Q: 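Before anything else, here's the structure in question.
In this text, all values refer to a predicted model and were calculated from it rather than measured experimentally.
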Amino acid sequence: MQRAVVQGSKRGLAVLAGVTAASGMGLVYALENSVSASGDNVHPYALPWAHSGPFSSFDIASVRRGYEVYKQVCAACHSMKFLHYRHFVDTIMTEEEAKAEAADALINDVDDKGAAIQRPGILTDKLPNPYPNKKAAAAANNGAAPPDLSLMALARHGGDDYVFSLLTGYLEAPAGVKVDDGKAYNPYFPGGIISMPQQLFDEGIEYKDGTPATMSQQAKDVSAFMHWAAEPFHDTRKKWALKIAALIPFVAVVLIYGKRNIWSFTKSQKFLFKTVKGREPPKAQ
């Protein structure tokens with residue numbers, strides 16, 4: 001009777017803990033969505049990115065074009081301090097192409113005597129920063145220093161959808177919204193007022209592969225490039241996930257067989273206690 005009461009109390013506690021956990025998760029979900037819905041900016045719509053599937057890879061042609069957009073448009077103001085030219089090798093470029101790309105850049109360095117010089121880049125160099133420091137960047141952009149784009153695709157809510165929508169979402173400010181000189185109105189930016197004017201326009205650049213450089217095409221390509229820059233191991237990670245997923249059934253069979261083989265003997269054991277002749281069990285006092 002007592003054992004049944006204990007088991008019943010344990011079962012009740014487990015049910016209570018489950019209900020509490022589910023309620024807490026529901027509360028967190030509701031708060032998160034309520035906060036997102038109460039923002040003062042338009043939320044980006046979901047787009048069918050080529051790399052968004054669980055086992056989908058980057059469209060390398062799009063990433064290469066995105067680098068062209070970054071180099072010709074974005075690099076004038078934005079840095080990518082975590083990206084090196086060596087990251088291009090055997091991913092979006094050959095080694096020769098990456099070396100040539102690095103050699104086109106001028107890298108600030110010092111010579112053997114400690115004097116400041118500029119030299120052609122090499123594969124181990126970072127992509128050059130357009131400004132020597134943040135104060136210079138802010139002074140050249142109406143007091144707002146352009147952020148580094150190395151991790152921007154993963155640092156903003158909405159990711160690639162946000163970057164694409166921001167780059168293509170410039171509009172005339174609605175009545176009652178004041179936009180200062182040097183700024184622009186973009187409903188996808190928090191607050192609506194952004195310090196970066198519209199940068200992408202139809203035929204604003206010319207792609208090397210002949211793809212029509214519409215505004216949306218440029219935005220799509222540079223969004224893909226920014227995601228690749230933030231996660232260059234993206235495709236490798238998914239390849240390993242696929243390999244591990246393929247091995248799971250075989251590993252599971254081995255583990256189940258081993259478990260049955262080891263525990264079948266242990267579970268089938270029987271212990272028999274016999275009284276030794278000449279010895280009697282002690283009598284209770």
Q: Quick one: sort the His43 and His157 rings into parallel, tilted or perpendicular, breaks at 30° and 60°.
A: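 Perpendicular: the ring planes of His43 and His157 meet at over 60°.
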
Q: Show the nearest heavy-atom pair for residues Ala229 and Leu83, with the distance to one decimal.
A: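 Smallest interatomic distance, heavy atoms only, reads CB-CD2, 4.1 Å.
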
Q: Does any non-hydrogen side-chain atom of Lys238 lie less than 4.5 Å from one of Pro54?
A: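 SC-SC contact between Pro54 and Lys238 ruled out.
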
Q: For Pro48, is there any backbone N or O sitting under 3.5 Å from a side-chain donor or acceptor partner on Ser52?
A: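 No; zero donor-acceptor contacts below 3.5 Å.
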
Q: Name the atoms and distances for all side-chain donor-acceptor pairs under 3.5 Å in residues 203-210, with sequence neighbours left out.
A:
unit_1, atom_1, unit_2, atom_2, d
Tyr207, OH, Asp221, OD2, 2.8
Asp209, OD1, Thr211, N, 3.1
Asp209, OD1, Thr211, OG1, 3.0
Asp209, OD2, Arg65, NH1, 3.2
Asp209, OD2, Thr211, OG1, 3.2

Q: I'd like to check Leu171 versus Asn186 (side-chain heavy atoms, cut-off strictly below 4.5 Å). Are they in contact?
A: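 Heavy-atom side-chain distance check fails, nothing below 4.5 Å.
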
Q: Assigning hydrophobic clusters by single linkage (Ile, Leu, Val, Met, Phe, Trp, Tyr; side-chain heavy-atom cutoff under 4.5 Å), is Tyr67 placed with Phe82?
A: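 Different hydrophobic clusters.
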
Q: Kindly indicate whether the side chain of Tyr70, heavy atoms from C-beta on, has any atom under 4.5 Å from the side chain of Leu127.
A: yes

Q: Atom NZ in Lys220, atom OG1 in Thr214: separation rounded to 0.5 Å?
A: 10.0 Å

Q: So, Trp228 versus Asp235: side-chain donor-acceptor pair below 3.5 Å or not?
A: no

Q: Would you mind reporting whether Val179 and Ile193 have side-chain heavy atoms less than 4.5 Å apart?
A: yes

Q: Under the side-chain hydrogen bond (donor to acceptor under 3.5 Å, both in side chains) rule, collect the residues that match up with Asn141, sequence neighbours excluded.
A: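 Asn141 satisfies side-chain hydrogen bond (donor to acceptor under 3.5 Å, both in side chains) with Tyr131 only.
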
Q: Could you note down all residue pairs passing salt bridge (Lys or Arg N to Asp or Glu O under 4.0 Å) where residues 172-182 supplies at least one of them, sequence neighbours left out?
A: none

Q: Can you tell me if Lys183 and Ser195 form a side-chain donor-acceptor pair at under 3.5 Å?
A: yes

Q: If I compare all heavy atoms of Val63 with all of Ala224, which pair ends up nearest, and what's the gap?
A: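 Closest approach of Val63 to Ala224: CG2-O, 4.1 Å.
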
Q: Shortest non-hydrogen contact from Cys74 to Val222?
A: SG-CG2, 4.1 Å

Q: Any link between Val73 and Tyr162 through a network of hydrophobic side chains (Ile, Leu, Val, Met, Phe, Trp, Tyr) touching at under 4.5 Å?
A: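 Cluster IDs for Val73 and Tyr162 match.
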
Q: How close do Ile60 and Ile92 get, counting heavy atoms only, and between which atoms?
A: CG2-CA, 4.0 Å

Q: Quick check: does any side chain N or O of Gln118 sit under 3.5 Å from a backbone N or O of Leu106, one acting as donor and the other as acceptor?
A: no

Q: To the closest 0.5 Å, what do you measure between OG (Ser62) and CD (Gln217)?
A: 6.5 Å

Q: Between Arg237 and His234, is there a side-chain heavy-atom distance shorter than 4.5 Å?
A: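 SC-SC contact between His234 and Arg237 confirmed.
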
Q: How does the hydrophobic cluster around Phe55 look, that is, which other residues are in it when side-chain heavy atoms under 4.5 Å mark a link?
A: Leu242

Q: Are any of the side-chain heavy atoms of His78 and Pro130 separated by less than 4.5 Å?
A: no

Q: Test of understanding: clusters of I, L, V, M, F, W, Y form through side-chain heavy atoms closer than 4.5 Å, transitively. Do Tyr188 and Val177 belong to the same one?
A: no

Q: For Ile107 versus Pro120, what's the shortest heavy-atom pair and its separation?
A: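 Minimum heavy-atom separation between Ile107 and Pro120: CG1-C, 4.5 Å.
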
Q: Holding to side-chain hydrogen bond (donor to acceptor under 3.5 Å, both in side chains), I want the full list of residues that pass it with Gln72, two or more places apart in sequence or in another chain.
A: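 In terms of side-chain hydrogen bond (donor to acceptor under 3.5 Å, both in side chains), with neighbours along the sequence ignored, Gln72 is linked to no residue.
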
Q: Taking the side chain as every heavy atom from C-beta outward, state whether Tyr45 and Ser165 have any atom pair closer than 4.5 Å.
A: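 SC-SC contact between Tyr45 and Ser165 confirmed.
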
Q: Between Asp160 and Ser223, does any side-chain donor sit less than 3.5 Å from a side-chain acceptor?
A: no

Q: Looking only at atom types and distance, does a side-chain atom of Gln198 sit under 3.5 Å from a main-chain N or O of Leu200, one as donor and one as acceptor?
A: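 Yes; at least one donor-acceptor contact below 3.5 Å.
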
Q: To the nearest 0.5 Å, what is the distance between OG on Ser150 and NZ on Lys81?
A: 7.0 Å

Q: Once the angle between the rings of Tyr85 and Phe88 is folded into 0 to 90°, is it parallel (under 30°), tilted (30 to 60°) or perpendicular (over 60°)?
A: perpendicular

Q: Does a salt bridge link Arg64 with Glu97, judged by any charged N lying under 4.0 Å from a carboxylate O?
A: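 A salt bridge links Arg64 with Glu97.
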
Q: When the ring centroid of His227 is compared with that of Phe58, is the distance short of 6.0 Å?
A: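 Aromatic pair counts; centres sit under 6.0 Å.
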
Q: Quick one: list whatever passes side-chain hydrogen bond (donor to acceptor under 3.5 Å, both in side chains) with Asp104, sequence neighbours left out.
A: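 With neighbours one apart ignored, the set is empty.
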
Q: Any donor and acceptor pair, going by atom type alone, linking the side chain of Thr94 with main-chain N or O of Asp90 inside 3.5 Å?
A: no

Q: Run the numbers on Leu167 and Met215 for side-chain contact (heavy atoms from CB on, under 4.5 Å), then give the verdict.
A: CA-CA 9 Å; Leu167 293 175; Met215 180 179 64; over 6 Å; no

Q: Ignoring hydrogens and geometry, is there a side-chain-to-backbone donor-acceptor pair from Ser79 to Asp148 under 3.5 Å?
A: no

Q: Heavy-atom distance under 4.5 Å between the side chains of Phe225 and Val69, does that happen here?
A: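 Result no, sub-4.5 Å side-chain heavy-atom pair not found.
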
Q: Would you kindly confirm whether Met196 and Leu151 end up in one hydrophobic cluster when ILVMFWY residues are joined by side chain heavy atoms under 4.5 Å apart?
A: no

Q: Starting at CD of Glu231, measure out to CE of Met226 and round the result to the nearest 0.5 Å.
A: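 Nearest 0.5 Å value for the CD-CE distance: 13.5 Å.
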
Q: Search all heavy atoms of Pro44 against all heavy atoms of Gly158 and return the closest pair with its distance.
A: CG-CA, 4.5 Å

Q: For residues Tyr170 and Tyr185: do they belong to one hydrophobic cluster (side chain heavy atoms under 4.5 Å, members Ile, Leu, Val, Met, Phe, Trp, Tyr)?
A: no

Q: So that I can tick it off, tell me whether Arg119 and Asp109 are bridged by a salt bridge, with the cut-off set at under 4.0 angstrom between side-chain N and carboxylate O.
A: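 Yes, Asp109 and Arg119 are salt-bridged.
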
Q: Out of curiosity, Lys126 NZ to His87 NE2, how far, rounded to the nearest 0.5 Å?
A: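 If I round to the nearest 0.5 Å, the distance is 10.5 Å.
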
